[in-house]
Amino acid sequence: MQKTLATPVILAAAISVAAGAQAAEWTMATPYGDASFHTKNVKQFAEDVAEATNGELRINVHSGGSLVAHGEIKPSVRRGTIEAGEVFLSVLSNDDPIFEVDTLPGVAGSYEEAFALWEATKPIISEQFASQGMMPLYAVAWPSQGIYTDFELNDPERFEGLRVRAPNINTQRFVDNLGGNPTETEESDIPTAFSTGRVDAMITSTSTGNAMTAWDYVSHYTDANLWLPKNIVFINQRAFDRLDEATQEALLDAAARAEERGWQMSREDNDASAEALQENGMTISTPNEEVAAALQAAGDELFSDWETRADDQAKQVLEEYRQQR
Ligand code: PCA
């Protein structure tokens with residue numbers, strides 16, 4: 001009895017060892033924690049890839065900056081130390097001002113526009129990655145960015161000296177333009193930044209506010225609809241080239257599905273997170289006229305500042321995007 005049972009077990013083990021010999025195992029790093037819809041999406045993507053390739057390609061996702069710090073993710077993928085990564089696209093603005101266009105005010109203020117902006121900028125962003133031996137797989141927008149404070153933001157004077165946590169350089173510049181004191185802080189460091197008194201306020205989305213339990217530190221969310229910045233998922237080109245064609249196709253196909261699913265998750269997470277903020281006692285409102293005017297002026301300044309840094313190609317792409325709107 002035991003013998004007849006043992007045979008298929010041994011056979012199965014032998015087959016999986018043989019398959020394992022050819023299978024690729026990739027390491028992927030993302031700065032965002034497991035509570036983020038982006039992380040849920042990328043984990044689903046990794047599962048889809050494993051399933052579609054019968055385990056020929058396994059992607060191990062290390063979330064929350066646990067394996068590689070945010071600023072090191074792109075260099076690590078470039079070197080091939082890890083095969084895949086996800087970053088907040090606009091943190092790459094030092095590489096090229098094209099990476100900033102999704103954190104500029106007045107460019108894309110809805111999911112439809114944000115997606116159109118992604119499509120318009122994808123070719124040059126892909127070229128940028130390709131020139132460094134990498135390939136973007138997909139990008140997904142965060143919900144629009146707003147302002148978290150521990151008071152009702154009804155007067156732009158309140159920005160004066162306010163210590164505001166920002167997720168990238170452009171948002172820091174924006175805070176500066178408003179008269180505040182910006183600090184760049186990773187999402188995962190938000191709770192510490194508030195609890196140690198390093199910041200009084202923050203700019204981010206409903207999603208991050210919810211994931212970081214903003215109600216522990218602040219009471220008001222001003223839904224300013226500043227911009228809808230994106231995360232980008234990308235891979236090392238050499239690692240991709242080593243895969244056989246069928247695996248490459250399965251990977252790209254799963255990436256296309258992850259992109260579509262991600263944009264939908266973002267919308268849903270925005271609604272669910274706004275509800276969670278309110279359920280936990282936060283007040284959500286839109287800017288009054290005075291605050292809106294101050295945000296507009298700070299935004300205009302940010303935009304002209306970008307124009308002085310952007311090259312002709314970036315400006316032209318933005319112009320083309322605008323003409324199509
Ligand atoms: N959450 C991330 C990026 C933008 C967002 O909504 C953050 O605040 O770090």
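By convention here, the first residue in the shown sequence is residue 1. Everything numeric in this text was worked out from a predicted model, so none of it was measured. Just follow the structure's listing: the first ligand is 1, and inside any ligand the first atom is 1.
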Notebook entry, point to check: Tell me, which pairs form a side-chain hydrogen bond (donor to acceptor under 3.5 Å, both in side chains) where one or both residues lie in residues 57-66, sequence neighbours left out?
Noted result: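 side-chain hydrogen bond (donor to acceptor under 3.5 Å, both in side chains) check on residues 57-66 returns E25-N60, D34-S63.
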Check: With a 4.5 Å heavy-atom cut-off, do P167 and E187 have their side chains touching?
Finding: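 Side chain of P167 against side chain of E187, heavy atoms only: no contact under 4.5 Å found.
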Checklist line | Sub-4.5 Å side-chain heavy-atom contact between F174 and L295 | finding: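 Counting from C-beta outward, F174 and L295 do come under 4.5 Å.
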Notebook entry, point to check: Near ligand 1, which protein residues have a heavy atom under 4.0 Å away?
Noted result: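 Shell around ligand 1 (4.0 Å, heavy atoms): Y32, F88, W142, Q145, R165, P167, E187, T204, S205, T208.
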Notebook entry, point to check: Under 3.5 Å, is there a donor-acceptor pair between the N170 and R173 side chains?
Noted result: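 Side-chain D/A pair, N170 to R173: present.
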Margin query: Applying side-chain contact (heavy atoms from CB on, under 4.5 Å), can you list everything that pairs with T183, at least two apart in sequence or on another chain?
Written below: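 Counting only residues at least two positions away or on another chain, T183 forms a side-chain contact (heavy atoms from CB on, under 4.5 Å) with T185, R198, V199.
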Margin query: Which residues pass the ring pair (Phe, Tyr, Trp, His ring centres under 6.0 Å) test with H220, not counting sequence neighbours?
Written below: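 Once residues adjacent in sequence are excluded, H220 has no partner under the ring pair (Phe, Tyr, Trp, His ring centres under 6.0 Å) criterion.
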